[in-house]
Amino acid sequence: MSRSTFLEQVSRRVTDSIRQAVIGHHKKSGAVLFSDTTLRDGEQMPGATLEPFEKLRIARALQDAGIHSLDAGFPASSEADVEAIRMMIGVITRPVLTALCRTVRSDIDAADRALEGNPPHKRGVSLFCGTSPLHREYKLCKSKTEVLGIIEQTVGYAAEKFRIVAFSPEDASRTEVDFLCECYRTAIRAGATTIGFPDTVGFLTPEKSRTFMRAIRDGVPELEKALLAVHFHNDLGLAVANTLACIEEGANVVQCTVNGIGERAGNASLEEVVMALTLHKDQYGRHHRIDTTKLAPLCQLVAELTGVQIPLMKPIGGNNIFATEAGIHQDGLLKNPDTYLPFRPEKVGAGGISLVLGRHSGRKAVAHRLSELGLPCFDEDVIAVVELIKRQPKGVVIDEASLRRLSQQASEARRSSGANQYSAKISGHGIGHGNDGAVAGGTNAG
Ligand code: MN
């Protein structure tokens, strides 16, 4: 054996033992590792194109939020992706940066060049190859044996250049389960450190996702040497539910996007998965390293830079999540915000609770707001203003200016009718002072 071959073998063995130590550590810790794909799968959404400097801004925010790895782009497909990745080198230092590759050597070479300079434990590739009958027959025109050969060769090639190599059988959820397991076994033997389970067309239910996880666990003994990652699309509105089901079944890595943006109906939403895990730690028994107070600002940033607006009712990031117009809810929130919220705004870094004044609002919220603005708020004032609000046209939200105007109208009406202004204030225990610092109060003008 020549000296160089000997050294190569030693270095390969050292790399292998480092790989195994890292994987063993992650598995033993029980952590759910978040791999964000906002900048790659998210950006694939029509109209969500990002400039490289915008990707860098989002990558920084994801890094601050504590993401484990970042699907930074598809170097072989786009020069802009290469540029964005180059901007991240040396700046995005905490998460692992990964690049997407087809199972072709030139893609792996392009990823290698794009990620040059990032330390070995912070750079990886994510290889994908269609494995379902539809993909084999119509897209690749390859037999099962040929697909296995491609996986073996390209994963092996990637493992020579990268310490971190993920392999995902595209359309895994519509692949025959025996063949799927064979693909995984081949990939791990060839050097994959993570195997992915993508529900590429967002087709599964939580129960069927669980069944897949169990089948993979049983059919891939090599899995003790690799991490299992899941990637769900939201075509049935089940991406988050499926992701959580797989976490319960032992998935190590979850791939998500901020605001759930992505192809068609989008991907599993990062912020929703994080909050479900956070609030139900007793059920999942798994920890994560995401700082939940960074979530709402992250959602805003992604919406702003992609131009994809957050729907009003979108969990975690939507504008209505901490806003209510209903009198009974407003009264409860003023007494204790937890009465009508699953978590407080500060938990996700959101601005605060908005008590929106409108036709559904009651006296307590109106009194609270009048007192905040220093407007008259005796019983009669409040009753008169509530009456005026109820007469407003459908859909009108009372902002500060209109509340001032209505208060003025009510006062004038009362003065002209000679009402007694020394009567008692609306009993406002806990309203506007004291124990509800979390209530930022105020109407929502928009
Ligand atoms: Mn996808």
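We count ligands from 1, going down the list as the structure has it; atoms in each ligand are counted the same way. Scope of the values below: all heavy atoms of this structure, side chains included, with no hydrogens, waters or symmetry mates.
Ring pair H231/H233 is tilted by interplanar angle, where 30° to 60° counts as tilted.
Under the 3.5 Å distance criterion, the side-chain polar atoms of T339 are matched with a main-chain donor or acceptor of G332.
Judged by the 6.0 Å and 45° rule, R189 forms no cation-pi pair with Y184.
In this structure, H26 has its ring center under 6.0 Å from that of H68.
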Kindly determine whether E54 and T306 satisfy side chain to side chain contact (heavy atoms under 4.5 Å, CB included), including the steps that lead there. CA-CA 9 Å; E54 293 172 323; T306 57; over 6 Å; no

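By the salt bridge (charged side-chain N to carboxylate O under 4.0 Å, His left out) test, K281 is found to be paired with no residue, residues two or more places apart in sequence or in another chain being considered.
At a cut-off of 2.8 Å, measuring from the Mn ion (ligand 1), the protein N, O or S atoms that fall short of it are D41 OD2, H231 NE2, H233 NE2, waters left aside.
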